Amino acid sequence: MKADPVGVRTGTFYLDGDRAAAEGAIAAGCRFFAGYPITPSTECAEHISERFPEVGGIFIQMEDEIASITAIIGAAWGGARSMTVTSGPGVSLMMENIGLAAMLETPCVVANVQRGGPSTGLPTMVGQADVMQARWGSHGDYEIIAYSPQSPQEAFDFTVKAFNMAEKYRTPVMVLLDECVGHMVEKVVIPPADAIEVEPRRLTDAAKGEYLPYAYGDDLVPDMAEAGMGYRFHVTGLTHDERGYPEMSVRCQDWLVPRLVAKIRQSADDIVEFDEENADGADVVVVSYGISARVSRMAIDLAREEGIEVGFFRLRTIWPFPEKRIAELAKKIKAFVVVEINLGQIFYEVERCARGQCETLLSPHAGGGVHDPEDILKVIEKGAKAK
Amino acid sequence: MRREIRITGFGGQGVILSGVIVGKAASIYDEKNATMSQSYGPEARGSACSTQILVDDKEILYPYIRESDVLVAMSQEGYTKFLGELKADGVLIYDEDLVNPGEIKKGIKAYPIKAQRIAETDLGRKIVTNIVILGFMTAVTKAVPKEAMVEAIKTSVPKGTIELNLKAFERGYDAFREGAGEQVEEGSGARSGAE
Amino acid sequence: MSPKGIPEAVIAAVSGEEHPIAPFLRMDRMPHIWCSTCGIGTTVKALAAAFEKLGTDLDKVAIVSGIGCTGRVAGYVRLDSFHTTHGRPIPFATGLKLANPELDVIVFSGDGDLVAIGGNHFIHAARRNMDIKVVCVNNFIYGMTGGQVAPTTPLTALTSTTPYGNAEPPFNLCHLAAACGANYVARWTALHVRRLTKAFTEILVKPGFCFVEIITPCSTLYARKNRLGTGLDIMKYYHDNTVIEHGADPAEADIVFGGPIICGKFVERDRPTWLEYQDQHLTERLGEKYFRAKALQEACER
Amino acid sequence: MKFWRTPLDADKMKIPRGELHIIVERCKGCAFCVEYCPRGVLEMSDEFNSKGYHPPKAVEPENCVNCDLCEMICPEFAIYCLTVEEEAVPAEGGKGS
């Protein structure tokens, strides 16, 4: 399905990442937005509030982040593509209902423009310390899909993808911007509507009275019904059977929750995206994402000047994690160097996938700024000396 | 070649818009890459406000200024705050009615301009001070082609004010005389620039 | 088969007939979980009766509940029904309604859900005059978690977390809803089945934020702790102590332990709903550029 | 049927008749229906249902006027009335008696 031209503002723009994400959402068909002001994500909400009246969207500023996430889940069941945007403290508040979205299998998009934390932290300054929260933030077992753009252009592109994946797998999808990408202004090219693929909602065509909200096929993703279509279905955050009825039993839990996880995991190859450069044959592979991926490439250039064989691995999606490829590379290289603006999060994920077959080193940053390329270089040099 | 430009002033002087215009001119109306970032929070509301523009032929990997090539100062506070990051042979552009540069280090090329005065008296609108100084900067640094700057102004300022802004830009551009603003002699205080 | 009781199919087979409410309920989920003498079932019956009276197209009605005893209502009524997280049915309903304004959206939940954890959503939805119908079954206590104090528990009442009596003044929910701007505010008890049904028929056709509070017995926890007797004794209490006063100032309708319960339709007014106001305002400001303007114009002409 | 004041049109009035149905197994013995039946049709029975509750029984079923109050007030959806389509039952004390 192609994008609705009504929402696509084709052209070349000079936009920040927040506004580019907003344009991506509108291009992908988002027509319901609920949000609550929080730096550094607010520009996205402001932009949508300006654009929506002309494209037929509903913008509402809710009383808090909990209301915002819950409203977008409700809107999804009312038939809209919906989104909210926030930052660290807001994501923390939203977490319970991100779990609800996962449990009800609600397509929706949550953008987190990461800032320095914990707590109020550094509202106007960059951080990347919410990546594990994105994966594990809500209680219980579930999987999530998360994108990490490194530029305003990707903020647009990845937000479109986020909507598509949300529909395809009926799951909340996160766009993990960071403050630097969110606030940075750069050239953004928005293609014509007929060049933007939009995933249609998986609506059921079951006869009335025969629809089972959580019956599924090989792809493990149930077809959806929206309120008002006449199916008179029930959904609940309780553990439920294929009718959507609550059933508090080990048997039902075992029927439901492993599938919620498996529907994402078994399609990881379809979802996972990464960029790789000279990783094969390298001694050291730098793993990074978001704004840190850009900075890392400066360090890689410096290392190559020193004659070190350095490869580069950039996560476009952070979740699901590209386990297979990291495990393969681990067999061939001396060390991974993980560059991220936190004190070690994706680092542990890389280390887990490397299974001790190579060194995994961290180039940390507590947040508020980006790495000094020279600091990354030092870690690369250390990695090159690993056995 | 990467060029790092800092524009600083008070909140309300149009500092951020200036950054957008330079970045847009370089990346959309010229064939370069350009990122623009701005200062946030209380800084943008009345006190020192700044924007950083990075212009490069290649993709911009490092998103912040490390050592600026150009510092454009429209306030004393901004000047004091950001002078330290200016390269030893960097270009300093300042409004001489608003900024007292004190002793300027040898090697720095300083170009004063009475931008606000030009805006107020010649153009009748204080609000275009930033565009006057952008015109001047364009002439001084040649960081971005003049034509690109003109296009960027046309698409960035409110529709009814395009003519006024273009006039302001030309006025600032013309205020630069070739050969002016040679390297400042240490302690000489001799500054030749526009008016 | 429900682990707790006789399967409905067996009941239907034995009795040979089905209750008239059956088309409105998910009979395969009966019996429900509510205790003996709990009034929630009665409130559900009143809602069903209101739909029947109005001849509502039930395909276009959605119901949203939160967590708690009343939170289970969404699971039992055969509508598009959403059992959400604790305290959040109102924002969920807000999204649902705005995404599809053709739906009638009802929030049916308890006092702890709607005005403790969800209190902020309650006041803001009323302020916005969001076009949703909020039904609060108020039994003065947290039932499902075992009888803890709620923001509606009357002063001095015993609960499992106020073993020496409640020392916090409670909310007067009708006063709260009215003060925040609700278009319709009423209070009834589980005994007032006919008036409650009438209230439901009124709110289902009234635009804007409509609020009905239903005082309901919780014999298992609230009544037992406070030695108020059986559920039937509480119903008798309602019978003897209810003062019906339509148009009463809800500010004067506080509920006091052992005191009279003032019931009635307190507020009925016509503030524009959130969406009506948006439409009007954005049409004024943006004219033809407002996307919904054309559709609204056509709707007016029809 | 007795009136405290005979209506003027008592001869034209039809007293509705209802047929009571009790779903014994669904009942939880709250006694609301017994207490509030305006015609005294019901009584709690001594019988137990399988959950150990005493369901109501109709002791004077012919007195049911199909007012639906028991059906409305029952929290268990365990009792209901169906309309009996019969000829008019003349009211006592009316001209037609």
Side-chain angles (χ1 to χ4, degrees), chain A residues 6-7 31-34 51-64 66-82 84 96-97 99-101 103-104 106 108 208 225-238 240 243-249, chain C residues 3 26 28-29 57-65 67 71-72 74-103 105 117-118 120-121 123-125 127-128 130 274-275 278 282-283 285-286 289-293 295:
Chain A
V6 167
R31 293 294 182 270
F32 184 88
F33 181 98
R51 289 270 281 128
F52 259 15
E54 295 179 14
V55 301
I58 296 276
F59 171 93
I60 183 167
Q61 184 171 310
M62 296 299 284
E63 52 274 14
D64 59 29
I66 301 173
S68 302
I69 177 76
T70 317
I72 72 160
I73 298 169
W77 286 99
R81 279 162 207 255
S82 60
T84 186
E96 183 195 9
N97 286 287
L100 178 71
M103 189 64 149
L104 301 187
T106 310
C108 59
K208 278 190 192 180
E226 291 163 354
M229 287 171 66
Y231 288 103
R232 291 164 71 175
F233 59 93
H234 179 60
V235 295
T236 172
L238 288 164
H240 45 264
R243 297 170 299 176
Y245 290 179
E247 189 189 318
M248 262 41 69
S249 71
Chain C
R26 301 180 193 282
D28 49 352
R29 294 209 57 210
D57 177 3
L58 296 181
D59 283 357
K60 299 295 174 196
V61 182
I63 191 162
V64 188
S65 292
I67 298 297
R72 294 304 183 94
Y76 294 132
V77 296
R78 211 163 68 76
L79 301 170
D80 289 330
S81 54
F82 301 91
H83 183 218
T84 65
T85 42
H86 194 25
R88 316 305 166 197
I90 287 177
F92 191 103
T94 297
L96 193 60
K97 175 71 187 178
L98 293 179
N100 184 355
E102 308 228 312
L103 295 172
V105 179
I117 184 168
N120 200 31
H121 309 311
I123 62 177
H124 285 281
R127 169 181 67 81
R128 295 182 181 113
M130 193 54 65
W274 188 89
L275 195 56
Q278 295 283 317
L282 289 170
T283 307
R285 292 298 298 270
L286 298 173
K289 280 167 76 185
Y290 181 47
F291 191 86
R292 285 168 56 84

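Chain letters run A, B, ... following the sequence lines, proteins first, then strands; residues in each count from 1. Everything numeric here is computed off the predicted structure, so don't read it as measured data.
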Q | Max heavy-atom pair count under 4.5 Å with chain C, selected residue of Ala76(A), Ala34(A), Ala80(A), Gly230(A) | A | Gly230(A)
Q.
Could you tell me if Arg29(C) sits above the aromatic ring of Tyr245(A), with its cationic atom closer than 6.0 Å to the ring centre and no more than 45 degrees from the axis?
A. yes
Q: Among the options Arg127(C), His124(C), His83(C), pick out the one with the most heavy-atom pairs lying under 4.5 Å from chain A.
A: His83(C)
**Q.** Among the listed options Val77(C), Asp57(C), Leu79(C), the residue most often paired with chain A at heavy-atom distances under 4.5 Å
**A.** Leu79(C)
(Q) Go through it in stages, so that I can follow the logic: the residues are Arg72(C) and Leu238(A), the test is side chain to side chain contact (heavy atoms under 4.5 Å, CB included), and I'd like the CA-CA distance, side-chain angles, deciding distance and then a yes or no. (A) CA-CA 11 Å; Arg72(C) 294 304 183 94; Leu238(A) 288 164; 3.7 Å; yes
**Q.** chain C contacts, top residue of Ala67(A), Ser68(A), Ser82(A) (heavy-atom pairs, under 4.5 Å)
**A.** Ala67(A)
Q: Quick one: which of Gly78(A), Gly99(A), Gly244(A), Ala225(A) has the most heavy-atom pairs under 4.5 Å with chain C, could you say?
A: Gly78(A)
**Q.** Greatest number of heavy atom pairs closer than 4.5 Å to chain A - which of Pro91(C), Pro101(C), Gly75(C)
**A.** Pro91(C)
Q. Taking C-beta and beyond as the side chain, do Ile58(A) and Gln278(C) meet within less than 4.5 Å on heavy atoms?
A. no
(Q) Between Arg88(C) and Asn97(A), is there a side-chain heavy-atom distance shorter than 4.5 Å? (A) yes
**Q.** Side chain / backbone / both / neither for Leu275(C) at chain A, heavy atoms under 4.5 Å
**A.** side chain
Q) Are the aromatic ring centres of Phe82(C) and Phe233(A) under 6.0 angstrom apart? A) yes
Q: Tell me, for Arg243(A) versus chain C, whether the close heavy atoms (under 4.5 Å) come from the side chain, the backbone, both or neither.
A: side chain
**Q.** Qualifying salt bridge (charged side-chain N to carboxylate O under 4.0 Å, His left out) pairs, either residue in residues 66-75 of chain A, two or more places apart
**A.** none
Q.
I'd like to check Trp77(A) versus Asp80(C) (side-chain heavy atoms, cut-off strictly below 4.5 Å). Are they in contact?
A. no
(Q) Is there a side chain to side chain contact (heavy atoms under 4.5 Å, CB included) between Asn100(C) and Glu226(A)? Walk through the geometry before answering. (A) CA-CA 10 Å; Asn100(C) 184 355; Glu226(A) 291 163 354; over 6 Å; no
Q | Residue part contacting chain A, namely of Leu98(C), when any heavy atom lies under 4.5 Å | A | both
Q) Can you pull the salt bridge (charged side-chain N to carboxylate O under 4.0 Å, His left out) pairs that have at least one residue in residues 54-64 of chain A, sequence neighbours excluded? A) Glu54(A)-Lys289(C), Glu63(A)-Arg128(C)
